[in-house]
Amino acid sequence: TRSTRPQRMLKAVQKNATKGNPKSVISAIDYFCKHSEWAMNVGDEKGSILDSVVTEVNPSTVLELGTYCGYSTVRIARLLSPGTKLITLEFNPANAAVAKQIIAYAGLQDKVILVEGSSGDLIPQMKERFGITTFDFIFLDHWKDRYLPDIKLFEECGLLRKGSVLLADNVICPGTPEYLEYVRKSPRYESKYFPAHLEYTKVEDGLEKSVFLG
Ligand SMILES: COCc1ccccc1-c1cc(O)c2[nH]cnc(=O)c2c1
Ligand SMILES: [Mg+2]
């Protein structure tokens, strides 16, 4: 049967990237998306902003919502201090299977805990399953309608501390208006918008960085 786009992306990584070299994996995926098939990775323009925020925060505890094929997982994991792991949640088993192989091809499997399931179910399990007290950095890149309920879940589960940084993709396209209103109006967050474009296109999009004030 016909392969899927994530499977074709994995093939492109195995063909064009160097095993154990995260930078070459990132480049191979970006090349595939620019010249073969568009795919919903955060991409190189927004990815550079993601890199700068991760580097600034230098987190010890990291959560990613929405693994997809592992592109942003690789971008984040390559920047983490030795011994630091990131937890990434993916709802779609087929995507998770591809992501696992792309993360391993980059040589970052020891820095990543990939969990299959829905964020709504898994967020309340973070403390008991992974011994997390609070997250230093959270990247929201899953389903736009889950951004607001999930940030409220983080608060209710006591997973945020003074200074926790949340970075949200796609706040313009596809758009998360209710989430934006919440973080920009709430006195408990200091929010900042980083303008960019929808991955591999000229369509406006951007990242919203929100710091929890406690
Ligand atoms: C399936 O829609 C793909 C699409 C189509 C048009 C515009 C934007 C998107 C898009 C872009 C992204 O970075 C995304 N990131 C995470 N979860 C998404 O659903 C998502 C969707
Ligand atoms: Mg996205």
Side-chain angles (χ1 to χ4, degrees), residues 2-10 25-54 62-79 86-100 102-103 112 114-123 137-151 153-154 165-180 182-183 191-210:
R2 215 174 114 69
S3 66
T4 66
R5 184 167 304 184
Q7 285 169 334
R8 293 192 291 273
M9 188 188 300
L10 170 60
V25 168
I26 292 164
S27 300
I29 294 173
D30 285 333
Y31 188 91
F32 174 81
C33 292
K34 284 173 188 166
H35 303 287
S36 300
E37 302 181 64
W38 185 93
M40 60 177 175
N41 316 116
V42 74
D44 49 351
E45 184 190 21
K46 290 187 288 179
S48 297
I49 299 167
L50 170 62
D51 290 356
S52 60
V53 175
V54 171
V62 185
L63 178 66
E64 174 181 61
L65 303 181
T67 317
Y68 184 44
C69 295
Y71 174 89
S72 50
T73 320
V74 167
R75 286 201 81 111
I76 297 168
R78 85 189 202 284
L79 299 174
L86 86 84
I87 300 169
T88 182
L89 310 184
E90 177 51 49
F91 179 73
N92 179 314
N95 291 348
V98 166
K100 190 166 183 283
I102 286 178
I103 292 160
V112 176
L114 174 51
V115 189
E116 283 177 41
S118 84
S119 54
D121 294 341
L122 292 169
I123 288 169
F137 179 77
I138 298 170
F139 182 49
L140 295 90
D141 191 24
H142 53 333
W143 181 237
K144 58 191 173 61
D145 295 346
R146 286 299 315 175
Y147 283 31
L148 184 55
D150 285 347
I151 194 171
L153 208 43
F154 289 128
V165 173
L166 296 95
L167 190 65
D169 189 26
N170 308 116
V171 296
I172 305 299
C173 178
T176 61
E178 292 171 348
Y179 173 82
L180 276 189
Y182 181 77
V183 289
S191 239
K192 181 182 178 188
Y193 177 62
F194 291 80
H197 299 88
L198 176 68
E199 48 268 25
Y200 318 114
T201 78
K202 291 186 169 55
V203 174
E204 184 187 347
D205 190 22
L207 302 170
E208 186 82 359
K209 176 190 172 190
S210 306

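In each ligand, atom 1 is the first atom listed, and ligand 1 is the first ligand listed. We're numbering straight along the sequence, starting at 1. Keep in mind the model is a prediction, meaning the values are calculated, not measured.
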J.: What does the angle at the Mg ion (ligand 2) come to, between atom OD2 of D169 and atom OD1 of D141, rounded to 10°?
T.: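 If I round to 10°, I get 90°.
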J.: Under a 4.0 angstrom heavy-atom cut-off, which atoms of ligand 1 come close to H142?
T.: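 Numbered from 1, ligand 1 contributes 16 (C), 17 (N), 18 (C), 19 (O).
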J.: Would you say D141 and ligand 1 have an N/O pair spaced under 3.5 Å apart?
T.: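 There is such a contact, yes.
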J.: Does any N/O atom on E199 come nearer than 3.5 Å to any N/O atom on ligand 1?
T.: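 Between E199 and ligand 1 (N or O atoms, distance only) the closest approach is under 3.5 Å.
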J.: Can you tell which of C173, G66, A39 gets a heavy atom nearest to atom 7 (C) of ligand 1?
T.: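 Comparing heavy atoms across C173, G66, A39, the nearest one to atom 7 (C) of ligand 1 lies in C173.
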J.: Below 4.0 Å, non-hydrogen atoms only: which portion of V203 touches ligand 1? Side chain, backbone, both or neither.
T.: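 Under 4.0 Å from ligand 1, V203 contributes no heavy atoms.
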J.: Decide, yes or no, whether a salt bridge links E199 with K46 under the criterion of side-chain N to carboxylate O below 4.0 Å.
T.: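 Salt bridge between E199 and K46, a charged N being under 4.0 Å from a carboxylate O: yes.
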J.: Is the shortest N/O to N/O distance between W38 and ligand 1 below 3.5 Å?
T.: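 No: no nitrogen or oxygen of W38 is under 3.5 Å from one in ligand 1.
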J.: May I ask you to check if any N/O/S atom from M40 comes under 2.8 Å of the Mg ion (ligand 2)?
T.: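 Checking the Mg ion (ligand 2) against M40, no N, O or S atom falls under 2.8 Å.
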J.: Look up atom CD in E64 and atom OG1 in T73, then write down how far apart they are to the nearest 0.5 Å.
T.: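 That separation rounds to 3.5 Å.
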J.: Could an N or O of ligand 1 be found under 3.5 Å from any N or O of N170, whether backbone or side chain?
T.: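 Yes, at least one N or O pair falls under 3.5 Å.
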J.: Under 4.0 Å, heavy atoms only, figure out whether ligand 1 is touched by the backbone of V42, its side chain, both or neither.
T.: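 Neither part.
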J.: Would you call F91 and H142 a side-chain contact if the rule is heavy atoms closer than 4.5 Å?
T.: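 Answer no - side chains too far apart.
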